[in-house]
Amino acid sequence: MSLPDEPFMRRALELAARGLYTTTPNPRVGCVIVRDGKIIAEGWHERAGEPHAEVHALRAAGELARGATAYVTLEPCSHHGRTPPCADALIAAGVARVVAAMQDPNPQVAGNGLARLAAAGIAVESGLLEAEARELNIGFVSRMTRDRPWLRIKTGCSLDGRTALPNGQSQWITSPESRADVQKLRARSCAMLTGIGTVLADDPQLTVRDFAIGRQPLRVVLDSRLRMPPSAKLLQTPGVLVVCAEENAARRTALEAAGAEVMCLPVNGRVDLMALLLELGRRGCNEVTVEAGAELAGAFARAGLVDEWVIYQAPVLIGDPAKGVANLGLASLTEKLCPTRVEKEAVGPDLKWALRFGMEE
Ligand code: AOF
Ligand code: ZN
């Protein structure tokens, strides 16, 4: 692959990112078609069930696609899903060369798309800006390779790592800018997850409210003993799953009447976190964001299930005896959570940390 290819793939990645909030359960994919060093057509995947990125771009290119190069952020598909194979569409259009950023981790494709193009005599390359492409679809890659979503915890805290007063009050520690940024995390998530403690203390909605994305994430509440009140604000928007560890017919009926789906996934008297993530994977969840207190955050961390921890740290002090970020139950400092990658950026007056733990290659 030569250097001149890179700007075209960057443009394709930019187009792919336009689907950040809408493609779920499908990946975000962009495509540009280039002739004589110029972009003649662009496309991106917007919504599952609608045409893939390549099809949009090929339609825009028309006859000019013959002999052109297509840059795609994901290997063109070779299977009949909700839509026909993009590899066939590229072959039919007479494209001469296809450059992909990465292989499709979907086992139904997994190299077959590129192989089909090559068999048709098309020059095929893969791996250009692969890290960027994987990052854009980290949740899709997770679900395809591990059968479970990418699990992100979001925490808002003070400089001294406090998330709430002992009486539960937590609104607000971080700035409006941080809270607006959290709306973006929610919007890119397939599901938002919280615990019954947070529901009882804050009565959150966990919805996307700052902008319209045409859907709301599934809202999941871990509620071992089904204490969730049917009047909880969460239930004002459809799409709530309450997961318990103990059946209670009367409470189940009341929650179901309030519109919730109730599911029992017990292990040793608590909700089986791994079983829950596998269930969310089966439902097509790519990215799941946890907004919860120290107990649930700690439980995911102790189970080794946290892929990413996003912490909005406000420059304020709350002091003892306020609540901390997570109950990790460490016996020794050798057990402290050490991320494999750390990024930080300013968000308004706050500092946003993104700690990575999962799926490093
Ligand atoms: C592409 N280009 O733009 C996307 C692809 O049900 P379908 O037909 O939408 O197929 C979904 C699968 O196709 C998805 O799981 C992934 O493997 C691939 N997504 N492929 O060539 C695209 N969105
Ligand atoms: Zn396709």
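Read the numbers this way: they start at 1 and go in the same order the structure lists the ligands and their atoms. The shown structure was predicted, so the numbers you read here are calculated from the model rather than taken from an experiment.
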(message) Among all the protein's non-hydrogen atoms, which is closest to atom 17 (O) of ligand 1, and how far away is it?
(response) Asp104 OD2, 2.5 Å
(request) Nearest heavy atom to atom 22 (C) of ligand 1 wins, so pick from His52, Gln108, Arg28. (result) His52
(request) Would you mind counting protein N, O or S atoms that sit less than 2.8 Å from the Zn ion (ligand 2)? (result) 3
(request) May I ask you to decide if the ring planes of Phe357 and Trp309 are parallel, tilted or perpendicular, using 30° and 60° as cut-offs? (result) perpendicular
(message) Counting C-beta onward and ignoring hydrogens, is there a side-chain heavy-atom pair between Tyr312 and Thr174 closer than 4.5 Å?
(response) yes
(message) Please give me the minimum heavy-atom distance between Ile213 and Thr22, naming the atom from each residue.
(response) O-CG2, 4.0 Å
(message) Treating Arg143 as the side-chain partner and Leu280 as the backbone partner, does any N or O pair qualify as donor plus acceptor under 3.5 Å?
(response) no
(message) Can you report which non-hydrogen protein atom sits closest to atom 23 (N) of ligand 1, along with the distance?
(response) His45 CD2, 3.3 Å
(message) Against the six-membered ring of Trp172, is Arg179 placed for a cation-pi contact (under 6.0 Å from the centre, within 45° of the normal)?
(response) yes
(message) Give me the nearest non-hydrogen protein atom to atom 3 (O) of ligand 1 as residue plus atom name, then the distance to 0.1 Å.
(response) Ala53 N, 2.8 Å
(request) Report the nearest protein non-hydrogen atom to atom 19 (N) of ligand 1: residue, atom name, distance rounded to 0.1 Å. (result) Pro27 CG, 3.5 Å
(message) Is Met144 close enough to touch ligand 1? Criterion: a residue heavy atom under 4.0 Å from a ligand atom.
(response) no
(message) Can you report which non-hydrogen protein atom sits closest to atom 2 (N) of ligand 1, along with the distance?
(response) Glu54 OE1, 2.8 Å
(request) With heavy atoms only and a cut-off of under 4.0 Å, state how Ala48 meets ligand 1: side chain, backbone, both or neither. (result) neither
(request) Could you tell me whether a side-chain N or O of Asp202 sits under 3.5 Å from a main-chain N or O of Pro204, the two making a donor and an acceptor? (result) no
(message) What protein heavy atom lies closest to atom 11 (C) of ligand 1? Include the residue and the distance to one decimal.
(response) Asn26 OD1, 3.3 Å
